[in-house]
Amino acid sequence: MAYVYNESMHVCIYRQRLDGKGGQDVTELEKCMAGLNYNCHDKIFLAYKKKARELLARYNNLPYECKEEKTEILGCLFGSTGTNVSVGTPFLCDYGCNTYIGNNVSINMNCTFVDCNKIEIGNHVLIASNVQIYTAAHPVELSERLTPDWSPESGEYFCRTYALPVKIGDGCWIGGGAIILPGVTIGNGSVIGAGSVVTKDIPDNCVAAGNPCKVLRRINEAQQV
């Protein structure tokens, strides 16, 4: 799935649901998680940001050796956290609660997760320094990107925003400085080269690199059945 917004299946299904409800009782959070335009200044998202920033301020100021306290904070910050998870400092994220991490995961220093939609990280994953994962985006066309009749008093953001989930499969290694864009899935066992910009899905068991990131070769053949 590419960075540019498209009519993905989950969005189509959700729009059918909206039609069935006549647009009533649909929250900004529901719109966000469905990949639709949403008001990122809604009070629920401001509350998410407030909690995340408070937890991150504590986490990023802890000494390296304070393992237990760090683990406790990560448990409060993320949607779920497996065992043997290490997150180097400094670390930044947007909401925190939309990030789900498996077992045996190492996230090195200076990573940024813009988790307005789900970021799912599998088991046995290495994420090198300076990796950036984005779920939030804006329409490309200016006429679609600007919020109609916007004013500072509206309580909305001046640009339309939507968010698409990112998934990193089991056994992946994401190289230093890689950027993963909204809607991307990286398959199990794959390696992303340092400095890559991942704009589309990467299959299982591949080495992929470049801008835009492309598959270079297959790997892990001996482990495959």
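In this text, all values refer to a predicted model and were calculated from it rather than measured experimentally. Below, all heavy atoms of this structure are taken into account, side chains as well, without hydrogens, waters or symmetry copies.
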How long is the gap from CG on L126 to SG on C172, to the nearest 0.5 Å? 10.0 Å
Backbone N or O of V87 within a donor-acceptor pair of the Y59 side chain at under 3.5 Å? yes
Name the residue from N123, N103, N104 that meets the side-chain hydrogen bond (donor to acceptor under 3.5 Å, both in side chains) definition with T83. N103
H41 and ring pair (Phe, Tyr, Trp, His ring centres under 6.0 Å): which partner among Y157, W150, F158? Y157
Under 3.5 Å donor-acceptor, S190 side chain and C206 backbone: yes
Check whether the side chains of N110 and N130 place a donor and an acceptor atom closer than 3.5 Å, and report yes or no. yes
Nearest heavy-atom contact between F45 and C40 is CB-O, 3.6 Å
Could you give me the CA-CA distance, side-chain angles and deciding distance for E54 and K51, then say whether salt bridge (Lys or Arg N to Asp or Glu O under 4.0 Å) is met? CA-CA 5 Å; E54 289 171 352; K51 179 181 177 183; over 6 Å; no
When you look at CD of E65, are more than 12 heavy atoms from neighbouring residues, nucleotides or ligands closer to it than 6.0 Å? yes
Does L56 reach the side chain of C93, with side-chain heavy atoms less than 4.5 Å apart? yes
Just do the side-chain hydrogen bond (donor to acceptor under 3.5 Å, both in side chains) check on N188 and D170 with the steps written out, would you? CA-CA 5 Å; N188 296 332; D170 294 341; 5.0 Å; no
Just checking K49: does its NZ atom have more than 12 heavy atoms from other residues, nucleotides or ligands closer to it than 6.0 angstrom? yes
For the residue pair T135 / D115, report whether a side-chain donor-acceptor contact shorter than 3.5 Å exists. no
Test your reading of the model: is there a side-chain donor-acceptor pair from N60 to the backbone of T89, 3.5 Å cut-off? no
